[in-house]
**Student:** 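Just dropping this structure here.
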Protein chains: 4
Amino acid sequence: MAEDTRGKILKSAVQLFSKNNYHVVSMSEIAEGAGISKGTLYWHFDSKEDLFREITINGMNYFNNQFKKIVQTDQNSNEKIHHLIKFVLNTLVEHLNMIDVFRNNVELISNEFKDTIEAKHKENIDVVAEIIKQGIDEGIIKNENPVDISTMLLSVLFTPQTKELLDHAQVEKKINFIYDFIMNGISRKEN
Amino acid sequence: MAEDTRGKILKSAVQLFSKNNYHVVSMSEIAEGAGISKGTLYWHFDSKEDLFREITINGMNYFNNQFKKIVQTDQNSNEKIHHLIKFVLNTLVEHLNMIDVFRNNVELISNEFKDTIEAKHKENIDVVAEIIKQGIDEGIIKNENPVDISTMLLSVLFTPQTKELLDHAQVEKKINFIYDFIMNGISRKEN
Amino acid sequence: MAEDTRGKILKSAVQLFSKNNYHVVSMSEIAEGAGISKGTLYWHFDSKEDLFREITINGMNYFNNQFKKIVQTDQNSNEKIHHLIKFVLNTLVEHLNMIDVFRNNVELISNEFKDTIEAKHKENIDVVAEIIKQGIDEGIIKNENPVDISTMLLSVLFTPQTKELLDHAQVEKKINFIYDFIMNGISRKEN
Amino acid sequence: MAEDTRGKILKSAVQLFSKNNYHVVSMSEIAEGAGISKGTLYWHFDSKEDLFREITINGMNYFNNQFKKIVQTDQNSNEKIHHLIKFVLNTLVEHLNMIDVFRNNVELISNEFKDTIEAKHKENIDVVAEIIKQGIDEGIIKNENPVDISTMLLSVLFTPQTKELLDHAQVEKKINFIYDFIMNGISRKEN
DNA sequence: TATGAATGAGATTTCATTCAT
DNA sequence: GATGAATGAAATCTCATTCAT
């Protein structure tokens, strides 16, 4: 029962935070969306920030866990990268909301929280950098700072435009387009 | 005096909006930052939204104008792209604040305003697509939808991570890194 | 507790609105008068207009209900008119404040609200017109448009001067004076 | 030239105060309506209250002067009353605005000003009471307190409903209706 | 005379948070 | 666990008024 209410709150909050900015979403709305009273909301979460924290960190952990799983498979780096892109873009399609929570709310709340989020993001970058290192070792990826490369890779995947591209359907085709962009850039390759 | 005050307001507002979310920045703060009274602030701008609108649209127009100038030079596409990247990244370094105004505040305010901003952004994409077309014609850029390519290019340039990379100095080096990433992606080129 | 607070708010608001114009009375004053905080005031009423609406419509309904009761008695028209005058003037004496709410605030707020109020007033006129019709049938009242006569009758009763007359005591005497004015006008009757 | 500006201000103010409540009309609007700046407005009038005072007192004096003229003619009381009614109702039709200035703004501003206005009104009542006295002497009007009768007479003439009746054209007919109401009331006269 | 710019007090309203029941 | 009611700080905005030019 308890978990039920908690779940309803989180669901309502994710939905609202993904559509609107942190400061525009009110605790009243969240409570209403969850079908409970404000009092109850405050029984489950100490504050608005607390609630937002939980949602954000859950989301980041979700990516972190999946990234780690991908690293640990015994695929070659090429396959892993393809896997990674596919996973991120499919998540973007299936769980648009959760992703937008980050987009709409970067730089909010306290600096201490911003640091937490950035640390989590850094973690993700480092996990993906493992794949890059593997690729360099395998001679597939150019030999530059793996962290810089990982940074660019993730920034392309989480860029708002990526989502826009996906909006217009044909996901599979777009995945290949983005994969090719990341691997080969925009210049014409002679063969 | 009048223009002077207007300028002071805009400066104060850009500074604050670039550090904090639209809803966190208060008109009192902006007034205080400009060294004027709230009444005066409202004499110059009808509303907070009005003020924000002006700043945002000014910023987008700035990019749009520069992009157009680059297109109109008689450089080849390769040079133009290099020029473009250099311009954007240098602007990011010199006018960090103005850029962050967008970052922190997309999706805010009214839908009508969001549409305005998106239309401006689309304009920018289309202008850059001209360069891509030229590159395809010159056999430098791969023959795919120029608008899609332009979209990716700009998304990489305006991605938050780009700014992070730049934060840690060595701008010139990073420009080359990003240029290479955009042109050739991350895979190892055999030579 | 809840109803109690609501009542305190309404009492405070009626008192203030009856002494001062809608725009001069502030929500702070109303809250202070009710011994509660502004936040609580807004918990009970969505807006100042909402609060004013409730008071006004309550008041008009009060008159409407009484007027209907008078119509439904089995008195003759003469008695009903006397009854009506007595009721209105006594209410003016006992609930001066509530009446003044209308006086001080007609034409305020939105047009939509003005229409609501005018519709309510028209209802009152129509109800009283029933009495006038009865009087015409009974040969007591002159045979002219009953709605016009009803309009004049009510306008005399609710005229600010009527209240002034009443201020100077001797209510019973003044009731007769007004009754006589309404029935016979000011000209001398020969007998 | 100077009078010209003053005149423009007064005209603009009358127009606005007659349509909206004192507190809803702003000095900016008045200035705009007069085609001048706020600074100029304040050069001609010390304050909003000052401006409103002038308009109101002008209006009341206008009625006062006309009433006095009517009293001083050598008509009999019957004719004078008819004259008075005609004058007031025609003014209501021709200068609706000016009249509404009172209607919309009674009880506003300071108590001291309210007293001034009430004193002016009392003056009007007293002037009209002269006519009533004459009527009593001539055996045309019933022998009751002339001031009370005058009060009722004026209250009927200035009642909002009177204006409504007039709105629907046929002024001449309505004048007779009101005249008859004032003289004979609503009861059926046997003949 | 006339103006544009500036001011500051105060108004309405929102909202995260608390607490007695 | 849950709720309705209450709070108070702070936000946006309005407006009469002033003043240097």
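What you are looking at is a predicted structure, and each value in this text was computed from that prediction instead of being measured.
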**Student:** To the nearest Å, give me how far apart OH (Tyr22(A)) and P (dT14(E)) are.
**Tutor:** 19 Å
**Student:** To the nearest Å, how far apart are Lys8(A) NZ and dG1(F) P?
**Tutor:** 13 Å
**Student:** Taking the side chain of Thr40(D) as heavy atoms from C-beta outward, which of dA16(F), dT3(E), dA2(F) is closest to it?
**Tutor:** dT3(E)
**Student:** List the atom of Ala13(A), the atom of Ile55(A), and the distance in Å for their closest heavy-atom pair.
**Tutor:**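 Closest heavy-atom pair between Ala13(A) and Ile55(A): CB-CD1, 3.4 Å.
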**Student:** Look at the side-chain N and O atoms of Ser37(B) and state whether any lies under 4.0 Å from the OP1 or OP2 oxygen of dT7(E).
**Tutor:** yes
**Student:** Taking the nucleotide of DNA chain F with the nearest heavy atom to each, does Glu29(B) or Leu41(C) sit closer to the 5' end?
**Tutor:** Leu41(C)
**Student:** If you assign each of Lys38(A) and Asp46(C) to its closest nucleotide in DNA chain E, which residue comes earlier from the 5' end?
**Tutor:** Asp46(C)
**Student:** So if I take every side-chain heavy atom of His44(D) and compare against dG1(F), dA2(E), dA6(E), which nucleotide ends up nearest?
**Tutor:** dA2(E)
**Student:** Any side-chain heavy-atom pair from Asp46(D) and Leu51(D) closer than 4.5 angstrom?
**Tutor:** no
**Student:** Look at Arg6(A) together with Glu54(A) and state whether they make a salt bridge at an N to O cut-off of under 4.0 Å.
**Tutor:** yes
**Student:** Looking only at heavy atoms, which two atoms of Met60(D) and Asn124(D) are closest? And how far apart?
**Tutor:** CE-ND2, 4.0 Å
**Student:** If you count the non-hydrogen atoms of other residues, nucleotides and ligands that lie under 6.0 Å from CD in Glu32(C), is the total more than 12?
**Tutor:** no
**Student:** Quick check on Lys8(C): does its NZ atom have over 12 non-hydrogen neighbours (other residues, nucleotides or ligands) under 6.0 Å away?
**Tutor:** yes
**Student:** Separation of Glu32(B) atom CD from dG8(E) atom P, in whole Å?
**Tutor:**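 Roughly 13 Å, once rounded to whole Å.
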**Student:** If a stem is a run of at least 3 consecutive Watson-Crick or G-U pairs, both distances under 3.5 Å, which stems include DNA chain E?
**Tutor:** E:2-21 with F:2-21
**Student:** If you pin Gly39(B) and Ser28(C) to their nearest nucleotides in DNA chain E, which one's is more 5'?
**Tutor:** Gly39(B)
**Student:** Return the value, rounded to whole Å, for the distance between atom CG of Asp50(A) and atom C1' of dT17(E).
**Tutor:** 13 Å
**Student:** From the options dA6(F), dT12(E), dA2(E), select the nucleotide whose nearest atom is closest to the side chain of Trp43(D).
**Tutor:** dA2(E)
**Student:** Whole angstrom is fine here: how far is it from CZ in Arg6(C) over to P in dA6(F)?
**Tutor:** 12 Å
**Student:** Once you round it to whole Å, what is the distance between P of dT13(E) and OH of Tyr42(C)?
**Tutor:**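 Atom OH in Tyr42(C) sits about 4 Å away from atom P in dT13(E).
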**Student:** Using the ring of Tyr22(C) (Phe, Tyr or Trp, six-membered ring only), decide whether Lys48(C) places NZ or CZ under 6.0 Å from its centre and within 45 degrees of its axis.
**Tutor:** yes
**Student:** To the nearest angstrom, how far is Ile30(D) atom CD1 from dT14(F) atom C1'?
**Tutor:** 15 Å
**Student:** Separation of Phe45(A) atom CZ from dT18(E) atom P, in whole Å?
**Tutor:** 16 Å
**Student:** dA2(E), OP1 or OP2 - any side-chain N/O from Thr5(D) closer than 4.0 Å?
**Tutor:** yes
